[in-house]
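For reference, the structure is listed below as structure tokens.
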Protein chains: 2
Amino acid sequence: MGVADQVGRRLRELRLERELSLSELARRSGIGKGTISELESGQRNPTLETLYALTTALGAPLSAALEPPTARARISGSAVDAVLTERFQDATAVTEVFRVRIRAGTVQESAAHPPGTEEHLVVLSGTTCVGNASAPQEVGPGGHAHWAADVPHVYRAPSGDVEALLVVRYPLTDPAHREG
Amino acid sequence: MGVADQVGRRLRELRLERELSLSELARRSGIGKGTISELESGQRNPTLETLYALTTALGAPLSAALEPPTARARISGSAVDAVLTERFQDATAVTEVFRVRIRAGTVQESAAHPPGTEEHLVVLSGTTCVGNASAPQEVGPGGHAHWAADVPHVYRAPSGDVEALLVVRYPLTDPAHREG
DNA sequence: CGAGGTCGTTCCGTATACAGAACGTTCTGT
DNA sequence: ACAGAACGTTCTGTATACGGAACGACCTCG
């Protein structure tokens, strides 16, 4: 069928991922809920402005509505979902950037990673308590935490879902690849 | 102005890159040339079907028409090259992740960004001196710096090229939806 | 049991995006 | 000079995307 079906389905996915009701999205975006209802079921041919209002209210770029999500490494635990968005490697270390969501009211304990592993967290929204299992730090929106990940550490969202960026850095110990 | 201007400009660019006349594109896409004319000058709010017909006739994916300028942003200064790799937006803030390189021996001064802007830097390799212009911090591989970016700040690589991740967070001052 | 609050869908009047015609301009070639 | 054809713009009637009202279904109260 047409492209309208795909876009409608994609918009519904984005909305449900964020656990928003159709009425709530209508309120936030300023788009009539009848419009959204018919749009999601592929019965409409939305205008650019309508798409823009919706994706903005959903906190997504316009292109998110038009393209299926790209397949990416995904790590899901009892409390944390993490999606790899970037990976950098040089002679001494690998650095991975994850987009993570910590579910409200949950705690995830992570076993020790390889020696020398470090993690940084930058919070996008919500307040979380993360870091070394024996001395976690509380961090709010825009804040940052840093801890050694070669010992047990925790992720906790005591009061509402938390969105964040997690930067994990693993040193490379293999001497065969060292630069001179 | 609106998103329609940007999309119109982008469509004109795509058409000119292919050395197609407006009339020829109208013929191939089945869209009226009056429609295309007004669309390219930002006087229209195109529907999804219209955009799809045009981008298909141009041999481009739908997203090519509406990639926001920031999605391709490459910021080059006298000492710093930055490539946007990720962008996240919610109701209260926009967060952008840049891969940056600071060239050896150089200094870049950055003017103040909008009020409330913050920056985080995680160093991948090299040692840099960054942050508030009056009190920069020295950071090595795996290290982190954080500063308010709504005042003048600097990036410096005193001893060799520096690779890093820069996280920029802009608060949205008006969470209410904008007028079209 | 009803009253009042959600939810998503279907309908309707109006604003507007559309196709196509008509227009002025700038090239050709004769 | 004149055709004839292309170009991009402006205009006009019609199809349709829009907001909002009305609807039935589903809650949780008292």
Side-chain angles (χ1 to χ4, degrees), chain A residues 1-60 62-66 104 160-161, chain B residues 1-60 62-66 91 175-180:
Chain A
M1 288 288 292
V3 67
D5 285 301
Q6 297 173 31
V7 170
R9 223 169 309 213
R10 186 80 195 100
L11 281 172
R12 172 160 283 173
E13 285 173 19
L14 288 169
R15 175 170 67 81
L16 295 180
E17 276 172 17
R18 286 156 182 74
E19 295 178 2
L20 286 178
S21 71
L22 192 152
S23 303
E24 179 60 21
L25 176 59
R27 231 166 282 133
R28 295 193 191 184
S29 62
I31 302 295
K33 54 181 187 169
T35 300
I36 300 178
S37 174
E38 294 178 347
L39 213 172
E40 286 190 351
S41 59
Q43 302 170 43
R44 288 259 196 135
N45 171 22
T47 64
L48 181 62
E49 278 194 2
T50 299
L51 285 176
Y52 183 74
L54 290 174
T55 54
T56 301
L58 288 165
L62 245 181
S63 57
L66 310 173
D161 283 358
Chain B
M1 282 290 292
V3 67
D5 285 303
Q6 297 174 30
V7 170
R9 224 167 308 213
R10 186 83 195 100
L11 281 172
R12 171 161 284 172
E13 284 174 20
L14 287 169
R15 175 170 68 80
L16 295 180
E17 277 173 16
R18 286 155 182 73
E19 296 180 2
L20 286 176
S21 72
L22 192 152
S23 304
E24 178 61 21
L25 176 59
R27 231 166 282 131
R28 295 194 191 182
S29 63
I31 301 295
K33 54 181 189 168
T35 299
I36 301 179
S37 173
E38 294 178 346
L39 213 173
E40 286 190 351
S41 60
Q43 302 171 43
R44 287 266 192 125
N45 171 22
T47 64
L48 181 61
E49 279 193 0
T50 299
L51 284 175
Y52 184 73
L54 290 174
T55 55
T56 301
L58 288 165
L62 197 34
S63 57
L66 35 81
H177 33 85
R178 283 176 293 185
E179 276 288 292

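These values consider heavy atoms only, across backbone and side chains, with no hydrogens, waters or symmetry-generated copies.
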Report task. Pull out every residue in residues 22-31 of chain B that has a heavy atom closer than 4.0 Å to any atom of DNA chain D, ordered by number, or say none. Result -> B:Leu22, B:Ser23, B:Arg27
Requested in this report: For B:Thr47 and for B:Arg44, locate the closest nucleotide of DNA chain D by heavy-atom distance; then report the residue assigned to the nucleotide nearer the 5' terminus.
Outcome: B:Arg44
Query raised in the report: If each of B:Gln43 and B:Glu49 is mapped to the nucleotide of DNA chain D with the nearest heavy atom, which maps nearer the 5' terminus, i.e. the 5' end?
Result: B:Gln43
Query - Phosphate OP1/OP2 of D:dC18: any A:Thr35 side-chain N/O under 4.0 Å - result: no
Contacts of [X] that satisfy salt bridge (charged side-chain N to carboxylate O under 4.0 Å, His left out) - sequence neighbours left out:
X	value
A:Arg9	none
A:Glu38	A:Arg44
B:Arg27	B:Glu24
B:Glu13	B:Arg10

Query - Residues A:Thr47 and A:Glu49: side-chain donor-acceptor under 3.5 angstrom - result: no
Query - Residues which pass side chain to side chain contact (heavy atoms under 4.5 Å, CB included) with A:Arg12, listed by chain and number, not counting sequence neighbours - result: A:Arg15, A:Leu16, A:Glu40
Report summary line: By side chain to side chain contact (heavy atoms under 4.5 Å, CB included), B:Ala60 pairs with (sequence neighbours left out) B:Arg18, B:Ala64
Report summary line: Rounded to the nearest 0.5 Å, the CD1 atom of B:Ile36 sits from the OG atom of B:Ser23 at a distance of 8.5 Å
Query raised in the report: Taking only residues two or more places apart in sequence, or in another chain, which ones meet A:Thr55 in a side chain to side chain donor-acceptor pair (under 3.5 Å)?
Result: none
Requested in this report: Have a look at B:Ser41 and say if it touches a base, only the backbone sugar-phosphate, or nothing, with a 4.0 Å heavy-atom cut-off.
Outcome: nothing
Query raised in the report: NA contact type, A:Ser37, heavy-atom cut-off 4.0 Å: base, sugar-phosphate, or nothing?
Result: base
Query - A:Asn45 CG to D:dA15 P, straight-line distance once rounded to whole Å - result: 16 Å
Query raised in the report: Atom CG of B:Leu48 and atom C1' of D:dC18: how far apart are they, to the nearest Å?
Result: 16 Å
Query raised in the report: Contact boundaries of DNA chain C with chain A (under 4.0 Å, heavy atoms), 5' to 3'?
Result: C:dC7 to C:dC11
Report task. Just name whichever nucleotide pairs with C:dT30, Watson-Crick or G-U, keeping both distances under 3.5 Å, else none. Result -> D:dA1
